[in-house]
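Heads up: the structure comes next, in structure tokens.
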Amino acid sequence: MTATGNTDFRDAGLVFPEGFTFGSATASYQVEGAATEDGRGPSIWDTFSHTPGKVWNGDTGDVACDHYHRWEADLGLMAGLGLNAYRFSIAWPRIMPTGTGEVNQAGIDFYSRLVDGLLERGIRPVATLYHWDLPQSLEDAGGWPARATADAFTRYAEVVGQALGDRVHTWTTLNEPWCSAYLGYGQGGHAPGRHEPAAALAAVHHLNLAHGRAVQALRATSAGDPDYSVTLNFHVLRGIGDGAGEAMRRIDALANRAFTGPMLRGAYPSDLLEDTASVTDWGFVHDGDLAEIHQPIDVLGVNYYSTATLRLWDGVSPKQQNDGHKGADGGTAWPGSDGVVEFVEQPGPYTDMGWNIAPEGLEELLLSLREQFPAQPLMITENGAAFPDTVDPDGAVHDVERVDYLRRHLTAVHRALSQGVDLRGYFVWSLLDNFEWGYGYAKRFGIVRVDFDTLERTVKDSGLWYRELAHTRVVPELGPRERRTLDR
Ligand code: IFM
């Protein structure tokens, strides 16, 4: 037992406070499709997914869930589920096909219709500017390791601020810059698939700069009164062996404090600069950058799926590389700490991604963020699980494991709330089964099933469960199916 409840995180009778937001999330490249329609330019994910061997099964986002054409029906689904908010992302190459210069009015019109459609249904629009689909032209000019990409992002932020800032409820500048920088430019499992540790760190800085400048640009151009935010995928760490503390400090610096330091404190942590000194001198940080990055935000978006266990590598035993993000072909996600820190196998159970299920990590993360940033309101902007769903003969999807995952993580959320954490809401990842990056369509995270042959949508049991929670604010009792599964 923990101080706040049982260790299985299936507390009974939990009631969420009035005003707590229950939403769902998606991202443009993962759901929209219509990759070449209405003036959209190519993004790095188009190039990457069309490169043989980069994505499982050769899958691409060309069609995805066809949300670009089916958005009204998808909004209807959300309204039917009683969701309060929808977190979507704007495809930069729909708005500015080459990343700079010409604005594509058809792209603006699409998101304008989407935002209006949400408001008509009483669903708050939560818009992310960058969920990884960098215009290919900007990558050709150097990508995020080049400072000019942050300049281009500032202009893009002005354009969308002017177009949608009268109606968007919350602006989120970036989604998981950790992935963009380290997986895109270091490990290479994500687009653009580069293996350049120094470039990965330059990308970290230019993403941070892009965030700070975008907050300023959105503030200057939004005619309404939106909230401002950024979403980070925090790494919740455990350590084993003699050097556990040192291993955790190093990865915490690279994964977490490399972003929270400049964004929320106005400085890079000195240990991060020391640990990476053999990779870069951080000469890409210019005078005045940190003040630009350090902008007040209304909510800090928190994405959480699982924990990671580390140890200092002894230099002898075969090295494990289980950082929870497969698809690498030789690169490292950890500049300066590759060959120093080792990621080790986690205790199960696991989701279909091979990620361990650890709701206690979410409670711990929320308490830790409160301690580090006491005045900063928080929002869970992603949490959810992939499981290999099956469809019953009657068409139903009894995804008991996903219901259980959500129940346990919402219990963790509730425990944090009960301990006074200023947490404003929860967005399930994802509304729809969608293009799961390097895994293509093989991993299903949705609370709504998508048949990728017919594009038909079916609300899963987890969707029905979430609907009840959103409607009543009370975590539903364990159903008979869940009981039977748990008794096994
Ligand atoms: O699908 C992704 C999403 O795009 C970003 N956060 C993690 C999800 C699951 O891998």
Side-chain angles (χ1 to χ4, degrees), residues 23-33 43-46 48-49 55-56 59-61 64-65 67 86-92 126-134 172-184 187 189-191 207 229-236 255-256 259 300-308 322-328 333 350-358 361-362 365 379-389 402 405-406 409 426-448 450 452 462:
S24 68
T26 65
S28 45
Y29 192 72
Q30 294 182 273
V31 299
E32 283 179 3
S43 81
I44 54 174
W45 269 97
D46 295 287
F48 191 77
S49 65
V55 176
W56 281 19
D59 290 340
T60 72
C65 307
H67 178 69
Y86 177 44
R87 175 176 180 256
F88 61 97
S89 79
I90 298 174
W92 188 350
V126 175
T128 300
L129 268 62
Y130 187 71
H131 199 128
W132 310 351
D133 34 10
L134 183 70
T172 303
T173 54
L174 308 173
N175 177 72
E176 302 183 352
W178 179 87
C179 296
S180 306
Y182 298 114
L183 299 183
Q187 184 234 29
H190 276 198
L207 283 154
S229 69
V230 64
T231 281
L232 303 177
N233 55 322
F234 289 95
H235 283 56
V236 178
N256 302 327
F259 303 101
L300 173 61
V302 176
N303 289 1
Y304 175 83
Y305 291 90
S306 63
T307 57
N322 171 32
D323 67 357
H325 292 270
K326 301 200 179 69
Y350 308 101
T351 68
D352 197 29
M353 297 295 284
W355 298 347
N356 63 311
I357 301 175
L362 180 53
L365 170 61
M379 180 77 93
I380 310 272
T381 40
E382 281 182 31
N383 174 244
F387 286 108
D389 302 321
R402 186 172 294 102
Y405 181 100
L406 296 180
H409 286 77
Y426 175 97
F427 288 75
V428 65
W429 184 269
S430 175
L431 175 71
L432 302 171
D433 292 339
N434 60 48
F435 177 81
E436 178 52 27
W437 307 113
Y439 298 91
Y441 298 99
K443 306 290 176 186
R444 294 178 176 273
F445 275 91
I447 57 171
V448 175
V450 176
F452 289 108
S462 57

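Indexing begins at 1, ligand by ligand and atom by atom, following the structure's order. The structure presented is a predicted model; accordingly, all values stated were derived computationally and were not measured.
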*Parallel, tilted or perpendicular: rings of H67 and Y86 (30°, 60°)*: perpendicular

*Side chains of Y439 and D59: do they bring a donor and an acceptor to under 3.5 Å?*
no

_ligand 1 to E436 polar contact by distance, N or O atoms, under 3.5 Å_ = yes

_N/O separation below 3.5 Å, E382 to ligand 1_ = yes

_Would you call the rings of W92 and Y130 parallel, tilted or perpendicular, taking 30° and 60° as the class edges?_
perpendicular

*Report, in ascending order of atom number, the atoms of ligand 1 lying under 4.0 Å from any heavy atom of H131.*
3 (C), 4 (O), 5 (C)

*Does an N or O anywhere in E176 fall below 3.5 Å from an N or O of ligand 1?*
yes

*Starting from the C-alpha separation in whole Å, work towards a yes-or-no answer on side-chain contact (heavy atoms from CB on, under 4.5 Å) for L365 and V302.*
CA-CA 9 Å; L365 170 61; V302 176; 3.6 Å; yes

*Give yes if a backbone or side-chain nitrogen or oxygen of W429 is under 3.5 Å from a nitrogen or oxygen of ligand 1, and no if not.*
yes

*Does W355 have a heavy atom less than 4.0 Å from any atom of ligand 1?*
yes

*For the residue pair T26 and S430, what are the closest heavy atoms and their distance?*
CG2-OG, 3.8 Å

*Which of the atoms of ligand 1 are close to W132, meaning less than 4.0 Å from one of its heavy atoms?*
5 (C)

*Could you walk me through whether L232 and W178 pass side-chain contact (heavy atoms from CB on, under 4.5 Å), step by step?*
CA-CA 7 Å; L232 303 177; W178 179 87; over 6 Å; no

